[in-house]
Protein chains: 2
Amino acid sequence: MEIAFDESSPQKEILRAALKEFVEYGQKGARMQSIADRANVNKALLHYYFSNKQNLHREVLHRVFRMAINSIYQSIDEADSPENQIRGIIRAYFSLFRQNPAIPRLMLLELNANSSDFIEAFTQVFQADTVPFPQKMIQIIEDGIERGIFRPVNPRQALLSTLGTVAFYFIARPFARQVLSIENEDQFIEERLEHIQDLIFHGLIKE
Amino acid sequence: MEIAFDESSPQKEILRAALKEFVEYGQKGARMQSIADRANVNKALLHYYFSNKQNLHREVLHRVFRMAINSIYQSIDEADSPENQIRGIIRAYFSLFRQNPAIPRLMLLELNANSSDFIEAFTQVFQADTVPFPQKMIQIIEDGIERGIFRPVNPRQALLSTLGTVAFYFIARPFARQVLSIENEDQFIEERLEHIQDLIFHGLIKE
DNA sequence: CTCTTGTTTAACTAATTGGTTAAAATATAT
DNA sequence: ATATATTTTAACCAATTAGTTAAACAAGAG
């Protein structure tokens with residue numbers, strides 16, 4: 001399943017094509033003609049709908065990040081135990097990245113380029129709620145430590161390690177496929193989620 | 001400390017400048033004039049030494065990856081226990097990325113772009129030894145499992161999780177700095193290495 | 001000092017690129 | 001059927017870009 005540009009229209013086709021192009025080449029390296037080719041439309045249509053390259057880029061960032069944060073927030077059940085909430089977040093992120101591998105790649109690409117569009121999109125989408133998502137997860141980890149469920153780890157470090165472990169496979173997927181000679185990728189990915197839950201919780205859970 | 005272009009000459013300045021430009025914008029998005037500006041040389045000099053943009057890009061990839069793998073191989077002491085070998089690898093990678101944050105970023109950028117230059121550089125550098133590095137690390141993990149030191153984890157998954165945890169901070173550094181409100185980064189980085197060793201080994205060590 | 005080699009530069013060329021435009025085609029409303 | 005609005009296109013323009021070149025400069029050898 002792809003990014004939720006679920007209607008088929010020239011505008012959606014352009015956004016879908018632009019996402020692919022920006023993920024591969026960044027804003028500067030992306031070519032408008034190449035986006036038009038991928039979307040099977042005339043290049044002028046890109047300008048008709050989005051005015052210019054930067055606007056198109058911004059629109060793609062906003063849509064991608066909004067979708068990302070929406071699905072993560074929906075995964076948190078505050079009535080559940082800290083352990084289960086963390087497990088739920090891991091599952092939600094993993095599922096999101098599995099279905100939309102472009103998301104972590106685009107985010108990191110934009111981080112590399114120090115894109116002001118990224119900062120803007122990030123601020124608007126990821127910190128729109130009263131408690132931004134990363135703070136929410138830190139609170140869950142702190143709560144787990146207080147209750148004696150988790151070992152007294154550094155919550156910010158634990159957040160980084162958890163997110164990094166989840167994201168890394170999808171970020172480094174071509175590298176991983178070649179280096180590890182993965183033959184059945186669907187099976188490998190199922191095993192990956194199991195392994196992450198196992199490793200993270202052996203690393204966090206107080207025994 | 002930077003990438004080991006340790007001499008100061010126009011050629012080294014160009015390579016250093018090119019690395020920065022390619023890390024930010026990729027090969028297509030990088031500008032030769034911008035590289036020349038960063039290196040404080042005339043643009044024609046880039047072509048004088050490296051012929052064209054693609055050659056310059058290749059040269060940068062080769063040098064970066066060669067340096068990366070050299071320092072990792074030097075960190076492995078086969079006479080040591082599997083646990084200490086893994087600890088050594090973690091330390092070596094962490095130290096390498098700390099000193100050269102461009103390395104993980106460049107690798108992931110090239111992965112995104114499906115660069116044939118990357119595949120070539122990767123093949124030449126990372127798999128030049130009789131036992132390529134990833135296989136070496138898998139062997140160490142398997143050995144640890146056989147000796148009863150490690151839990152019976154999936155070695156390939158464990159390799160991904162270990163490398164991912166180490167690399168992620170440096171890949172996502174601007175994101176992490178903003179999201180986690182890091183004030184004293186040197187201290188945070190010291191804590192990060194401790195945390196990684198702690199988390200990974202609570203996750204791997206059989207108790 | 002002179003000659004040769006290597007380095008560096010300003011100016012240039014040709015191709016590429018983002019963006020524009022007027023006209024044609026299509027869709028919609030009456 | 002006609003008029004209007006929207007969408008789409010081929011062709012175009014100006015700016016940008018990679019790469020080239022002849023000449024000037026610097027370094028080295030004899």
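For the numbers below, each heavy atom of this structure counts, side chains included, while hydrogens, waters and symmetry mates do not. So that the names make sense, note that chain A is the first sequence line, chain B the second, and so on, each numbered from 1. These numbers were taken from a predicted model, which means no experiment stands behind them.
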>> Rounded to whole Å, please give me the gap between CG in N42(B) and P in dA23(D).
In response: 17 Å
>> Using side-chain heavy atoms (C-beta onward) and a distance below 4.5 Å, is M107(A) in contact with V64(A)?
In response: no
> Rounding to a whole Å, what distance do you find between L56(B):CG and dG19(D):C1'?
Replying inline: 13 Å
> Is the shortest side-chain N to carboxylate O distance from R151(B) to D198(A) below 4.0 Å?
Replying inline: yes
>> Tell me the interatomic distance from L45(B), atom CG, to dA26(D), atom P, rounded to whole angstroms.
In response: 15 Å
> Would E191(A) and Q187(A) count as having a side-chain donor-acceptor pair, cut-off 3.5 Å?
Replying inline: yes
>> Output the rounded distance in Å from CD1 (I14(A)) to C1' (dT7(D)).
In response: 11 Å
>> Check K136(B) with E78(B), please: is the shortest side-chain N to carboxylate O separation under 4.0 Å?
In response: yes
>> Just the rounded figure in Å: distance from C1' of dT16(D) to CD of Q27(A).
In response: 16 Å
> Side-chain contact, heavy-atom cut-off 4.5 Å: Y169(B) with I189(B)?
Replying inline: yes
> Is there a donor-acceptor contact under 3.5 Å linking the side chains of D37(B) and Q33(B)?
Replying inline: yes
> Any idea how F201(B) and F150(B) line up, ring-wise: parallel (<30°), tilted (30 to 60°), or perpendicular (>60°)?
Replying inline: tilted
> With a 4.0 Å cut-off on heavy atoms, is A36(B) in touch with a base, just the backbone sugar-phosphate, or nothing at all?
Replying inline: nothing
> What are the residues of residues 47-54 of chain A, sorted by number, that bring a heavy atom to within less than 4.0 Å of DNA chain D?
Replying inline: Y48(A), Y49(A)
> Which comes earlier along DNA chain C counting from the 5' end, the contact point of Q11(B) or that of K43(B), where each point is its nearest nucleotide?
Replying inline: Q11(B)
>> Judged by each residue's nearest nucleotide on DNA chain D, which is more toward the 5′ side, N40(A) or K28(A)?
In response: N40(A)
> Are E24(B) and R31(B) ion-paired here, with the side-chain N under 4.0 Å from a carboxylate O?
Replying inline: no
>> In this structure, how many angstroms lie between the P atom of dT17(D) and the CG atom of L46(B), rounded?
In response: 15 Å
>> Need two values: the first and the last nucleotide of DNA chain C, 5' to 3', having an atom under 4.0 Å from any heavy-atom of chain A.
In response: dT17(C) to dT21(C)
> Quick check: does any side chain N or O of Q85(B) sit under 3.5 Å from a backbone N or O of I76(B), one acting as donor and the other as acceptor?
Replying inline: no
